[in-house]
Engineer: 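Structure below; questions to follow.
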Amino acid sequence: MDILSGLNPEQTEAVTLPHRSALILAGAGSGKTRVLTSRIAYLIQKRGASPHEILAVTFTNKAAREMMARISAMLPISIRGMWIGTFHGLCNRMLRAHHKDAGLPEAFQILDSSDQLSMIKRVVKSLNIDDEKYPPKELQHFINGNKEEGLRPHDLTAYDTFSRTRQQIFEAYEAQCNREGAVDFAELLLRSYELLKRNELIREHYRTRFRHILIDEFQDTNRLQYQWIKLLAGKDTAVFAVGDDDQSIYAFRGANTGNMLEFERDFQIENVIKLEQNYRSHGNILDAANAVIRHNTARMGKNLWTSDAGGEKLRFYQAPTDMMEAEYIVEEIGSLGREGVALSDIALLYRSNAQSRVLEHALFNANLPYRVYGGLRFFERQEIKHALAYLRLVHSMDDDGAFLRIVNFPARGIGAKTIESLQADAGSASLWTKARGKNKKLDEFVNLVESMKREVSGASLPEAVETVIEMSGLKSHYLNDKDGEDRLENLDELVNAAAVFESEGDPLVEFLSHAALEAGERQSGEGEDAVQLMTVHSAKGLEFHSVFLSGLEEGLFPHSNSRNDAGGLEEERRLMYVAMTRARRRLYLSCAQSRMLHGQTNYNIPSRFLKEIPEQLVQPIGYVEERAPAFEKKSPYRIGANVFHPKFGEGVVLACEGMDQVQVNFRRAGVKWLALEYANLIAI
DNA sequence: TTTCGGCGACTTTTT
DNA sequence: GTCGCCGAAA
């Protein structure tokens with residue numbers, strides 16, 4: 001099949017661009033992933049590129065897997081030479097290959113966020129610092145924030161005791177990481193960046209190798225990730241960046257849309273290709289979403305359109321209480337089901353996780369199957385972390401994090417007192433080195449770990465996992481625990497995961513990295529036909545026949561915490577935009593006059609975002625007559641109407657704001673906002 | 001050492 | 001309303 005068949009002109013242009021860097025602004029539902037994968041297939045098939053020359057980077061493992069699957073479906077050849085993965089995955093790969101030059105032990109281990117947090121707690125304690133004054137959570141944010149700016153402790157200037165202390169903690173934390181051979185997520189990136197920066201040989205090697213770098217969800221990159229890309233791109237490298245500034249919803253964790261503008265400058269992008277044709281949603285849904293996002297000022301400018309005009313109006317329901325809102329939603333789901341819509345094609349979206357409970361309650365009462373996304377993931381479960389900690393300790397005795405996690409789990413009578421004295425003995429050495437000969441119980445533990453080590457050496461990975469689960473006593477512990485059933489199942493699942501795990505080097509080291517880098521699917525039950533419940537954030541990238549967007553109230557959505565600064569409000573609006581554009585055919589908007597939150601009743605007014613949706617696109621249901629007007633008053637002009645202005649000439653109405661303002665695209669004078677009171681517009 | 005009860009927090013989340 | 005953490009009692 002031809003790679004280009006079925007692509008629209010803009011998509012084709014993007015896929016077939018000559019060898020130079022490019023920025024693709026890809027709106028929601030505009031075929032972004034398709035363009036990205038087609039580009040790779042095109043480079044290989046039509047431009048004679050070798051898979052070896054291609055590096056493609058994504059944000060999630062899921063996206064990376066999807067990309068690989070799609071490319072291998074398009075190409076008859078093996079894609080093994082390609083580097084496709086997340087930023088962290090690719091940095092890990094690079095650091096494993098050059099661990100010596102990066103100053104890391106061969107089998108360095110990766111700390112996930114919770115490992116990192118406990119490491120910070122340990123460091124704070126060892127420095128005798130008050131964790132009330134310096135909360136570990138904040139320190140974690142501080143450390144990661146600095147690393148993401150490319151800053152090490154010695155790069156910081158401290159003017160007062162507070163910042164000096166934080167700097168000291170940062171320093172001690174790094175020292176402890178180095179002692180244990182541990183690397184946190186931000187460190188993976190920063191190390192890799194510094195490696196490329198300092199080592200010319202390695203840098204030039206990758207620069208000549210990767211002639212094509214492709215980046216997905218470019219709007220979500222942080223500063224360090226962008227700098228990493230910049231370092232990696234040689235003079236003959238073409239960087240193909242795909243993103244949508246309107247869908248940037250992760251600024252709160254460091255994503256920097258400014259990278260898009262910088263990219264245009266740094267890589268001398270001549271023309272930005274915009275993919276504006278939406279293949280997902282009906283016209284009314286798209287018009288409404290466009291009307292909302294237009295209220296943002298910091299935009300690169302893009303207007304989605306569809307040939308699939310019209311469709312059903314959006315439905316709006318204002319309920320007296322959150323319970324009644326949920327009941328309304330459940331009723332509607334029932335009738336959608338009877339119309340033949342699959343339950344799994346229906347999504348209930350909300351701004352914050354706390355809102356799911358009332359919805360779950362209503363769904364449960366109505367006996368409708370549902371699936372909630374979010375929550376604990378496989379490799380984050382305590383029983384899994386415990387088992388992995390045994391593996392870690394067996395593999396590397398200096399791993400204090402692993403030692404502390406399991407020294408008394410299952411309980412073997414080694415308490416805080418013993419540990420404290422052990423830590424005092426150890427100083428800057430690892431706990432393991434001082435554990436023997438301290439007391440009887442610790443000796444037993446040391447012997448246990450050593451006999452595990454003997455058993456495990458030479459065993460296959462799944463055998464090792466199984467041995468550790470048995471010998472540690474985890475298995476019998478959970479057998480005796482009345483709620484241990486699920487945990488035992490998960491431990492079995494861990495053995496399975498180890499059995500199917502493929503590795504190229506040391507299987508244990510790679511398996512442990514895998515566990516840290518890929519927290520695993522959230523839960524099973526993928527295939528069942530169930531209503532999908534999730535936050536708007538986790539819905540990004542997905543689409544559904546029908547979407548219910550609930551809790552559209554001031555203080556909730558937009559969230560009260562983002563009300564203060566303008567940037568926060570614009571991010572909330574982008575979130576609203578993302579939420580609305582998830583719907584293909586039907587979009588329900590709802591809010592409640594009163595809502596139970598944090599154990600007390602709140603009375604909220606409808607979200608300001610509702611007012612930004614043109615009234616004629618919305619079908620109100622039920623109570624709405626009594627409410628204060630939530631929607632924009634009908635403008636005398638319709639979007640798309642032709643108008644004439646005495647000075648600017650002919651134009652087309654792009655948007656209306658209330659009764660008195662319109663945005664017009666004039667054929668000669670360009671796009672302008674006009675006050676109807678003064679403008680003397682004439683409809684033609 | 002373990003367990004239980006009280007108190008405070010509480011937006012969004014991937015690696 | 002619920003979860004997680006911390007301190008006091010068993």
Side-chain angles (χ1 to χ4, degrees), chain A residues 57-64 85-93 110-118 121 131-132 135-137 141 144 147-148 183-190 192 216-217 220-222 224-225 248-255 322 349-358 360-361 373-377 379-380 382 407-419 441 513-520 522 534-541 551 555-564 568-569 571-572 574-576 578-579 595-602:
Chain A
V57 57
T58 62
F59 273 83
T60 64
N61 291 298
K62 198 175 155 205
T86 61
F87 277 101
H88 296 85
L90 297 178
C91 288
N92 178 46
R93 189 167 175 177
I110 300 169
L111 301 179
D112 69 15
S113 323
S114 63
D115 297 334
Q116 182 188 33
L117 189 64
S118 46
K121 283 181 184 161
D131 61 0
E132 303 261 299
K137 274 250 171 61
H141 186 77
N144 291 337
K147 288 191 181 184
E148 275 160 22
V183 169
D184 62 45
F185 286 138
E187 185 73 24
L188 281 172
L189 280 155
L190 185 52
S192 173
D216 190 17
E217 306 277 14
D220 288 339
T221 47
N222 64 32
L224 183 55
Q225 286 160 342
S248 158
I249 55 175
Y250 287 112
F252 73 90
R253 68 171 197 220
D322 53 346
L349 306 184
Y350 34 81
R351 174 65 238 268
S352 62
N353 284 307
Q355 287 166 253
S356 77
R357 200 159 33 79
V358 61
E360 288 183 61
H361 184 77
Y373 286 76
L376 262 198
R377 307 211 296 187
F379 287 110
E380 287 164 355
Q382 65 145 347
V407 67
N408 197 34
F409 194 97
R412 17 179 108 80
I414 302 171
K417 272 265 145 54
T418 314
I419 299 299
K441 294 197 165 135
S513 309
H514 169 82
L517 286 173
E518 180 155 11
R522 283 172 196 275
M534 65 188 87
T535 62
V536 178
H537 282 92
S538 19
K540 188 175 166 196
L556 249 184
F557 198 176
H559 198 274
S560 49
N561 288 16
S562 28
R563 199 165 24 194
N564 311 323
L569 190 66
E571 178 142 322
E572 294 287 307
R574 291 193 293 271
L575 207 45
M576 179 75 181
V578 168
R595 177 177 300 275
M596 271 287 258
L597 203 63
H598 309 319
Q600 51 181 338
T601 310
N602 290 267

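Remember, predicted model here, so these are calculated numbers, not experimental data. Residue numbering restarts at 1 for every chain, and letters A, B, ... go by the order of the sequence lines.
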Engineer: Would you mind classifying the nucleic acid contact of D112(A) as base, sugar-phosphate or nothing, using non-hydrogen atoms under 4.0 angstrom?
Structural biologist: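 Counting heavy atoms under 4.0 Å across all strands, no contact is made by D112(A).
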
Engineer: Going by ring pair (Phe, Tyr, Trp, His ring centres under 6.0 Å), name the residues that satisfy it together with F379(A), two or more places apart in sequence or in a different chain.
Structural biologist: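 Here the qualifying residues are H514(A).
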
Engineer: Describe the nucleic acid contact of D220(A) in one word from base, sugar-phosphate, nothing, applying a heavy-atom distance below 4.0 Å.
Structural biologist: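 Nothing, no nucleic acid heavy atom in range.
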
Engineer: Just to be sure I understand the rule, does F87(A) reach a base, reach only the sugar-phosphate, or reach nothing, if contact means heavy atoms closer than 4.0 Å?
Structural biologist: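 Here F87(A) touches no strand at all.
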
Engineer: Under 4.0 angstrom, heavy atoms only, what part of the nucleic acid is S113(A) near: base, sugar-phosphate, or nothing?
Structural biologist: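 The residue S113(A) makes base contact.
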
Engineer: Given the C1' atoms of dC5(C) and dT12(B), what is the spacing between them in whole Å?
Structural biologist: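 My reading of the C1' atoms in dC5(C) and dT12(B) gives 23 Å.
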
Engineer: For dT13(B) and dG4(C), measure between their P atoms and round to the nearest Å.
Structural biologist: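 Between the two P atoms, the distance is 16 Å.
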
Engineer: Counting side-chain heavy atoms from C-beta on, which of dT11(B), dT15(B), dG1(C) comes nearest to R357(A)?
Structural biologist: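 The closest nucleotide is dG1(C).
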
Engineer: Base, sugar-phosphate, or nothing for G599(A), non-hydrogen atoms under 4.0 angstrom?
Structural biologist: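 Counting heavy atoms under 4.0 Å across all strands, the contact made by G599(A) includes a base.
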
Engineer: Let's see if you can work this out: which of dT13(B), dC10(B), dT15(B) has an atom nearest to the side-chain heavy atoms of H537(A)?
Structural biologist: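 Looking only at side-chain atoms, H537(A) lies closest to dT13(B).
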
Engineer: Ignoring hydrogens and angles, tell me if any N or O in the side chain of N61(A) forms a donor-acceptor pair with the backbone of L517(A) under 3.5 Å.
Structural biologist: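 Side chain of N61(A) to backbone of L517(A): a pair is present.
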
Engineer: Give one of base, sugar-phosphate or nothing for D184(A), where a contact means two heavy atoms less than 4.0 Å apart.
Structural biologist: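 It contacts nothing in the nucleic acid.
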
Engineer: Verify whether one side chain among Q355(A) and S352(A) offers a donor that lies under 3.5 Å from an acceptor in the other.
Structural biologist: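 Judged by distance alone, the side chains do pair up.
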
Engineer: Closer to the 5' end of DNA chain B via nearest nucleotide, is it K417(A) or I249(A)?
Structural biologist: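 Between the two, 5'-proximity favours K417(A).
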
Engineer: Between the main-chain N or O of Q600(A) and the side-chain N or O of N602(A), is there a donor-acceptor pair closer than 3.5 Å?
Structural biologist: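 Such a contact is found between N602(A) side chain and Q600(A) backbone.
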
Engineer: With sequence neighbours left out, what residues match F59(A) under ring pair (Phe, Tyr, Trp, His ring centres under 6.0 Å)?
Structural biologist: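 With sequence neighbours excluded, F59(A) shows a ring pair (Phe, Tyr, Trp, His ring centres under 6.0 Å) to F87(A), given in chain and number order.
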
Engineer: Over all strands shown, is A411(A) touching base, sugar-phosphate only, or nothing at heavy-atom distances under 4.0 angstrom?
Structural biologist: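 Sugar-phosphate contact only.
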
Engineer: Base, sugar-phosphate, or nothing for I414(A), non-hydrogen atoms under 4.0 angstrom?
Structural biologist: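 Sugar-phosphate, no base atom in range.
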
Engineer: Give one of base, sugar-phosphate or nothing for A416(A), where a contact means two heavy atoms less than 4.0 Å apart.
Structural biologist: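 Sugar-phosphate: the residue A416(A), judged by heavy atoms under 4.0 Å, touches backbone atoms but no base.
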
Engineer: Would you classify F252(A) as touching base, sugar-phosphate or nothing, given that sugar-phosphate means primed atoms plus P, OP1 and OP2, and contacts are heavy atoms under 4.0 Å?
Structural biologist: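 Base, at least one base atom sits under 4.0 Å.
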
